[in-house]
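Some notes on the structure that comes next.
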Amino acid sequence: EVPLQACGGGSVRAGGSLRLSCTASGFTFDDYVIGWFRQAPGKEREGLASISNTDDKTYYADHVKGRFTLSRDNAKDAVYLQMNSLKSEDTAVYYCAAAEKFTFVRNKVSWTRLDYWGKGTLVTVSS
């Protein structure tokens with residue numbers, strides 16, 4: 001059983017949209033802040049956004065702010081990442097993770113007690 005699973009990736013044209021899902025099993029989802037990350041070929045992993053487990057407060061890295069939107073459904077143990085106005089540079093494997101806390105400062109992210117990394121899903125944006 002995989003604790004976290006990201007899905008919903010695929011191929012899309014630049015300017016298009018995709019919605020990714022992160023689903024959890026085997027742990028208490030409500031206890032965790034969920035963060036999204038991505039890693040493009042040959043590049044370091046980068047943090048994208050996080051959503052609180054208590055008040056649904058969201059934080060976004062500067063490079064996705066205004067284009068990506070997070071939402072959460074604790075009843076379904078799921079978090080959704082709506083990605084609009086996709087660009088070719090958004091091509092990457094996208095991952096979700098569960099932690100006690102994520103902190104975003106512009107495009108940098110740190111965390112406290114990150115317990116679970118999800119299996120990723122590939123997003124390919126063609127120009």
Test item: [X] and [Y] side chains (from C-beta on) under 4.5 Å apart, heavy atoms:
X	Y	result
Phe68	Trp36	no
Val33	Trp111	no
Glu44	Gln39	no
Met83	Tyr94	yes
Glu100	Asp115	no
Thr58	Ser50	no

Practice task
For residues 13-26, pull every pair meeting side-chain hydrogen bond (donor to acceptor under 3.5 Å, both in side chains), keeping only residues two or more places apart or in separate chains.
Solution key: Ser17-Asn84

Practice task
Let me know which of Lys108, Arg67, Arg106 forms a salt bridge (Lys or Arg N to Asp or Glu O under 4.0 Å) with Asp62.
Solution key: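 Answer to the salt bridge (Lys or Arg N to Asp or Glu O under 4.0 Å) test with Asp62 among Lys108, Arg67, Arg106: Arg106.
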
Exercise for the section: Could you tell me whether Phe37 and Phe102 have their ring centroids closer than 6.0 angstrom? Expected result: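 Ring centroids of Phe37 and Phe102 are less than 6.0 Å from each other.
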
Quick check against the 3.5 Å criterion: does [X] have a side-chain atom that pairs as donor or acceptor with the backbone of [Y]?
X	Y	answer
Asn107	His63	yes
Thr91	Val125	yes
Tyr60	Leu70	yes
Thr121	Gly9	yes
Asp73	Ala78	no
Ser52	Thr54	yes

Handout entry: Other residues, nucleotides, ligands: >12 heavy atoms within 6.0 Å of Tyr59 OH
Key = no

Exercise for the section: Kindly check if the number of other-residue, nucleotide or ligand heavy atoms within 6.0 Å of NZ (Lys101) is above 12? Expected result: no

Handout entry: Lys NZ or Arg CZ of Arg72 over Phe29 ring: under 6.0 Å, within 45°
Key =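 Here Arg72 passes the 6.0 Å and 45° test against Phe29.
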
Handout entry: Tyr116 to Pro3 - nearest heavy-atom pair and separation
Key =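 Of all heavy-atom pairs spanning Tyr116 and Pro3, the closest is CD2-CB, 3.6 Å.
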
Practice task
Could you tell me whether Lys87 and Asp90 make a salt bridge, using a distance below 4.0 angstrom between a side-chain N and a carboxylate O?
Solution key: no

Exercise for the section: For the residue pair Trp117 and Tyr95, categorise the inter-ring angle as parallel (less than 30°), tilted (30 to 60°) or perpendicular (more than 60°). Expected result: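 Rings of Trp117 and Tyr95: perpendicular, over 60°.
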
